[in-house]
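Shown next, in structure tokens, is the structure this report addresses.
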Amino acid sequence: MNSTETVGNAAIDAAAPENGRPVPFRGGGFSPKRVRFVAPVVFLSLLVLWELGSRSGFISPLVMPAPSEALGALGDLVRSGLLFKHLSASLWRLVIGFTCGTLLGLTVGTLIGLYSLPRATFAPLVAALFPIPKIALLPLFIIWFGIGEGSKIATILFGSFFPTVIATYGGIDAVDRSLIRMGQSFNLSRAAIIRSIVLPSALPAILSGMRISASISIILLVAAEMIGAEYGIGAYVLLAGNLMATDQLVAGVAILSILGLTVSWLISCAERYFLRWRV
Amino acid sequence: MDLKIRDLTHRYAKLEVLRKINLTVESGKIVCIVGPSGCGKSTLLRLVGGLEQPTEGQVIQMGEPPEGSLNPLTYIFQDFALLPWRTVFGNIALVLEGHGLGKAEITKRIEDVLARTRLSEFANVFPKQLSGGMKQRVAIARALVVNPAVLLMDEPLSALDSQTRELLMDDLVSLWERERFTACYITHNLNEAVRLGHEVVILSRRPGEIRETVSIDIPLGERTAENPELMKTQNLLWNMMREEALTADRQLTET
Ligand SMILES: Nc1ncnc2c1ncn2[C@@H]1O[C@H](COP(=O)(O)OP(=O)(O)O)[C@@H](O)[C@H]1O
Ligand SMILES: [Mg+2]
């Protein structure tokens, strides 16, 4: 891209008359576009490089298993039917925890964004609790919610709750007040103003908050599953680590990556659908 | 329905913005309010429509709004205030929600108002795709759909270029000739005031007081840009305002 531009400028330079110089171009840029196929190509080349490195002995199998070995471990997992068990256990926790955390976060964020007393009450609480690593609280959660599903879901719930609160009230703070005044001038009810003006305005901020809270949820999912879980990707990775089965470990990590990619893709779809008015 | 503004005074903290405004907006008439920038025109309009409470004085509705008026006092804003995520149709639908109208009735009213403002072909377009002039036409359609008693217009043409402004002024004139709407029209542009106003009220610099009220008897339809009598009125207004504008320009916003 850059090189063709330079060539183009050089061509114009040559054509410029004596004593004159064309005004150099200095605009453009600052607007990333969607480029297809780059991401898969990057992923594939990294994998191929890695595989070649392993086969040639450049990467010792003790340090890092070859991608093909990890793929083999993944194959075993599929054939034994354990993949489904691990994945369904994890997804279930993730979906419940993330959904509840997001809904609660939206509610509290909206309250903070709109009303003085909740803002005075919750905003400092959120600021105080958000930075605490939820993993550190896991033992407490286990005492409160039990060693079973309760503590795991609670961890994910709290993990996705705080970023959602912050994104939501930040988004509401940024809503164009002249639109709200317009709503009032047409006698719209408070509920209608919130539903039709405030929340749609805040949606871009809420969706980008969701990107963060979803990733945090996956991190916490794995951490929570490392304690007292029979099934789940986290349990599988922990076991592989304990047995020094690096091929299984990499396979488990790959599943997590794919999970992250899928979630990110889903949110992109939601953004493209809900924010289509922006383009 | 007439609007009576009685002894209206308004202060923001210690800053006095409006002083003892007395004014009547008669049904079927357009009252233009002109004044130097910062003299409190927008504030006056917010007080008139009940978006803000006056420090002293009252705004009184005389008589009943027309049958079926969903929002007697309806604003048209300088910055259009359209929701960017809703189409033209959706933006107009917004102000019909919550009145217990059926879906079919809402659609009928919107189609009717779009036809009246010649916007029918733009029903499914987003604001972003429209020019400034078209956006303000949509905002006017949205204001008309609620069947208002008085239109409160705050510099509705100030965000537009001068050609578009001419076109929209013509639109407003023909709209008034068809519908005889009542309006309180704020502007800082004297040409708009003499083209559209049955009455022109001149405010002083801040604190805004009524300096002068000028009635213009020429029918709206005959007020072309070249009309010499109109030019004379405009010059007269400018001479009255000139001094105020000069001083207002040097006024500080904070006291
Ligand atoms: N909400 C507000 N709080 C404090 N001061 C305000 C507020 N709104 C307007 N003002 C001040 O009141 C004065 C009049 O403002 P405004 O009515 O917008 O003037 P105009 O529309 O005639 O230009 C200005 O000096 C402005 O700074
Ligand atoms: Mg103003």
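Just the heavy atoms: all of them, side chains too, but no hydrogens, waters or symmetry mates, feed the values below. Numbered from 1 within each chain, the chains take letters A, B, ... in sequence-line order. All of these numbers come straight from a predicted model, not from anything done at the bench.
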Please check if atom CZ in A/Phe43 has more than 12 non-hydrogen atoms from other residues, nucleotides or ligands closer than 6.0 Å.
no

Could you give the distance from CG (A/Asn187) to CG (B/Leu70), rounded to the nearest 0.5 Å?
10.0 Å

A/Arg36 atom CZ, neighbour heavy-atom count above 12 within 6.0 Å:
no

Kindly compute the distance separating CZ (A/Phe186) from CG (B/Leu96), expressed to the nearest 0.5 Å.
9.5 Å

B/Phe126 versus chain A, the contacting section by heavy-atom distance below 4.5 Å
side chain

Proximal component of A/Ser178, with respect to chain B [non-hydrogen, under 4.5 Å]:
both

At a heavy-atom separation under 4.5 Å, does B/Leu51 approach chain A through its side chain, its backbone, both, or neither?
side chain

If I take atom CD1 from residue A/Ile193 and atom CG from residue B/Leu94, how far apart are they, to the nearest 0.5 angstrom?
9.0 Å

State, with a plain yes or no, whether a side-chain heavy atom of A/Met182 is found less than 4.5 Å away from one of B/Leu82.
no

Given a strict heavy-atom distance threshold of 4.5 Å, which part of B/Val95 is in contact with chain A: side chain, backbone, both, or neither?
both

So do the side chains of A/Trp277 and B/Arg86 get within less than 4.5 Å of each other, counting heavy atoms only?
no

So OG of A/Ser185 and CZ of B/Arg46: to nearest 0.5 Å the spacing works out to 12.0 Å

Donor-acceptor contact below 3.5 Å, side chain B/Lys128 vs main chain A/Arg278
yes

Which atom names give the shortest non-hydrogen contact between A/Ser196 and B/Trp85, and what distance separates them?
O-CZ2, 3.3 Å

Count the heavy-atom pairs under 4.5 Å between each of B/Gly50, B/Pro84, B/Gly98 and chain A, then report the option with the highest count.
B/Pro84

Taking side chain as everything from C-beta outward and backbone as N, CA, C, O, which of these in A/Leu203 sits under 4.5 Å from a heavy atom of chain B? Side chain, backbone, both or neither.
neither

